[in-house]
Protein chains: 2
Amino acid sequence: MDKNLKKRETMHRLCATGLEVFHEKGYYNTSLDDILKELSLSKGAFYHHFKSKEDYFISIIQNLVVQKVYALLVEPLNTHENPLPVILDTLEQALEPGKQNEMVYGFMLNDFLTEFNKRNAEISSYLKDIIKVWEVNLVSVLKKGKVDGHIARHVDCEGVASYIIASYLGMRTLLSENNNRQLKYNYIQQMKLYFNAIVEKRVEA
Amino acid sequence: MDKNLKKRETMHRLCATGLEVFHEKGYYNTSLDDILKELSLSKGAFYHHFKSKEDYFISIIQNLVVQKVYALLVEPLNTHENPLPVILDTLEQALEPGKQNEMVYGFMLNDFLTEFNKRNAEISSYLKDIIKVWEVNLVSVLKKGKVDGHIARHVDCEGVASYIIASYLGMRTLLSENNNRQLKYNYIQQMKLYFNAIVEKRVEA
DNA sequence: AGACAAACCGACCCCCCGGTCGGTTTAAGT
DNA sequence: ACTTAAACCGACCGGGGGGTCGGTTTGTCT
């Protein structure tokens, strides 16, 4: 097989499995051997591709986590419809438990954020960046919604965006404790109530 | 000094400092020596009082964390007023950064929940119990609010309660990344908007 | 075919950390 | 004063995990 391809494939396998295991058991609670055993790879192979466990995890964040957050939570926002239902959809999608064995990558942000907070500043900052991107995109789509007459003019878009993020992260904590469809349904319902409080009312008057 | 008193004092010092350090650095990332050094105590002293690190942490939860959550988030709910502003107050209090060196115990639930989730079932269950107590009390006070005509009849109290908890936990993640008064203020404002959507409107009509 | 380097192997190092244990200090009871 | 046990000490053990390194295999280029 092509050497270059081989390298990329191995690195990709390492990252994909690493993300799964880190998310499952936590970064500090996962040893490299845990991951290596699962892939039948050796320490030597690992350190040939990555210079440290930390470097490895940063790769995972930048290659996989960023990508998944974009796909699940950012790109779907780019429509020209009323943003509120669209946001609701992305949240619902991102809280959906994985179909069969597929992982739910949107789920993991909260876990990693809390695990690295105050313990590894560098990794924390990469994670914060992801949240920031999400936030910025939420704000921009909310502001457009205001211009388009879907959202009331008095609404503080930054406030709404961080509130959405907070409720999502927190719901993720609750759901991972107790993966409960009822809980998720309730969350979406309450989110709808909240959104009702910020829509532009003049249309229906 | 009285032997019995000495024992209680040492155990209390261990628990108090342990809570601080565990919260600061995380349970798995804190060694017993970290705590012992801070108190100038020995391994022997520690294992005279606790049978393991896990047992120790459970003591901390049951003595200190439970107590603080009660004091901050549960007991203040027992008034006869409109529950919504009262809940808002407790949330605001619980998000308040510590005055001087005093710790903010309400802050730590989210961190511990995520750290132990799927990694230590026993400790997880103790933490979940605390959340459950909070939830039950929220539901009960919301239902009373319905009876007293402060909350609209169509409202799903369980849904509201878990939504409040989720948003609180998530906001805690965001705040610990970036302790920002503006963020906290925004959260309270959005919470008010949300509460407006569930109040009983007939009074003002 | 031979050379060369990338990919990989796995034994090993070393430190950290939870837990142990025999010994010492301290205080209460008689 | 003597005994007894609780409180405490700190050296030590053993396993785990991040990281190293000399060596082996595998693919590529000439």
Side-chain angles (χ1 to χ4, degrees), chain A residues 1-61 63 112 115-116 119-123, chain B residues 1-61 112 115-116 118-123:
Chain A
M1 190 198 293
D2 183 291
K3 269 269 168 87
N4 222 316
L5 210 75
K6 188 86 187 293
K7 178 188 180 75
R8 289 221 327 253
E9 194 212 312
T10 301
M11 287 180 77
H12 180 263
R13 287 204 309 146
L14 276 167
C15 286
T17 304
L19 179 55
E20 270 182 50
V21 183
F22 284 139
H23 182 233
E24 177 84 18
K25 310 203 307 171
Y27 176 83
Y28 290 113
N29 218 29
T30 299
S31 71
L32 293 179
D33 285 330
D34 289 343
I35 297 164
L36 265 9
K37 191 164 27 169
E38 198 149 314
L39 293 171
S40 302
L41 277 177
S42 66
K43 276 279 177 71
F46 178 86
Y47 279 94
H48 178 70
H49 294 293
F50 300 98
K51 67 184 236 287
S52 67
K53 188 184 180 189
E54 182 175 334
D55 173 61
Y56 170 49
F57 190 71
I58 291 173
S59 282
I60 292 177
I61 294 176
N63 295 331
F112 289 148
E115 182 165 15
F116 291 109
R119 308 204 234 300
N120 185 317
E122 191 181 358
I123 294 185
Chain B
M1 189 198 292
D2 183 291
K3 271 270 168 84
N4 224 317
L5 210 75
K6 189 85 188 289
K7 179 188 181 74
R8 290 220 328 254
E9 194 212 313
T10 302
M11 288 180 76
H12 181 263
R13 286 204 310 148
L14 276 167
C15 287
T17 304
L19 180 56
E20 270 181 48
V21 183
F22 284 139
H23 182 233
E24 177 84 18
K25 310 204 307 171
Y27 175 84
Y28 291 114
N29 218 29
T30 299
S31 71
L32 293 178
D33 284 330
D34 290 342
I35 297 163
L36 264 10
K37 190 165 25 169
E38 198 148 314
L39 293 171
S40 302
L41 277 177
S42 66
K43 277 280 178 68
F46 177 87
Y47 279 95
H48 178 70
H49 293 295
F50 300 99
K51 69 184 233 287
S52 68
K53 189 186 181 187
E54 184 175 333
D55 171 61
Y56 170 49
F57 190 71
I58 292 174
S59 281
I60 290 178
I61 295 176
F112 289 147
E115 182 165 15
F116 291 108
K118 284 178 189 161
R119 308 204 236 299
N120 186 316
E122 191 182 358
I123 294 184

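Protein atom CD of B/Glu54 is 18 Å distant from nucleotide atom P of C/dC17, rounded to whole Å. A straight line from CZ of A/Arg13 to P of C/dA7 spans 14 Å, rounded to a whole angstrom. The CG atom of B/Leu14 sits 8 Å away from the P atom of D/dC8 (whole-angstrom rounding). Protein atom CZ of B/Phe50 is 11 Å distant from nucleotide atom P of D/dC8, rounded to whole Å. The CG atom of B/Asn120 sits 14 Å away from the P atom of C/dG18 (whole-angstrom rounding). Regarding A/Asp33, its CG atom lies at a distance of 7 Å from the P atom of D/dG18, rounded to whole Å. Per the geometry, CG belonging to A/Leu41 stands 10 Å off C1' belonging to C/dA7, to the nearest Å. Whole-Å rounding puts the A/Leu32 CG to C/dG10 P distance at 16 Å.
B/Met11 has its side chain within reach of B/Phe50: a pair of non-hydrogen atoms, C-beta onward, lies under 4.5 Å apart. Taking 4.5 Å as the limit, some side-chain heavy atom of A/Ile35 sits within range of a side-chain heavy atom of A/Tyr56.
Distance from the side chain of A/His48 is smallest for C/dA7 among the nucleotides C/dC9, C/dG18, C/dA7. With distances taken from any side-chain atom of A/Ser42 to the nucleotides C/dA7, C/dG18, C/dC9, the minimum falls on C/dC9. Taking only side-chain atoms of A/Tyr47, from C-beta outward, the nucleotide of C/dC9, D/dG18, D/dC8 with the closest atom is D/dG18. In the set C/dA7, D/dC9, C/dG19, C/dG19 carries the atom at the smallest distance from any side-chain atom of B/Ser52. Here the side chain of A/Lys43 is nearest to one of D/dG10, C/dC8, C/dG10, namely C/dG10.
Take the nearest nucleotide of DNA chain D for A/Lys51 and for A/Ser31: the residue whose nucleotide is more 5' is A/Ser31. Remark on DNA chain D: of its neighbouring residues B/Thr10 and A/Thr30, the 5'-side contact belongs to B/Thr10, judged by nearest-heavy-atom nucleotide.
Between A/His49 and C/dA6, a side-chain N or O to OP1/OP2 separation shorter than 4.0 Å is absent. Taking 4.0 angstrom as the limit, A/Lys6 places none of its side-chain polar atoms (N or O) nearer than this to OP1 or OP2 of C/dA7.
Classification of the A/Phe112-A/His23 ring pair by plane angle, with boundaries at 30° and 60°, yields perpendicular.
Across all strands shown, B/Lys53 has heavy atoms under 4.0 Å from sugar-phosphate atoms exclusively, and none from any base.
A/Lys53 forms no cation-pi arrangement with A/Phe22, by the criterion of a distance under 6.0 Å to the ring centre and an angle within 45° of the ring axis.
Within a 6.0 Å sphere centred on CZ of A/Arg13, heavy atoms belonging to other residues, nucleotides or ligands number more than 12.
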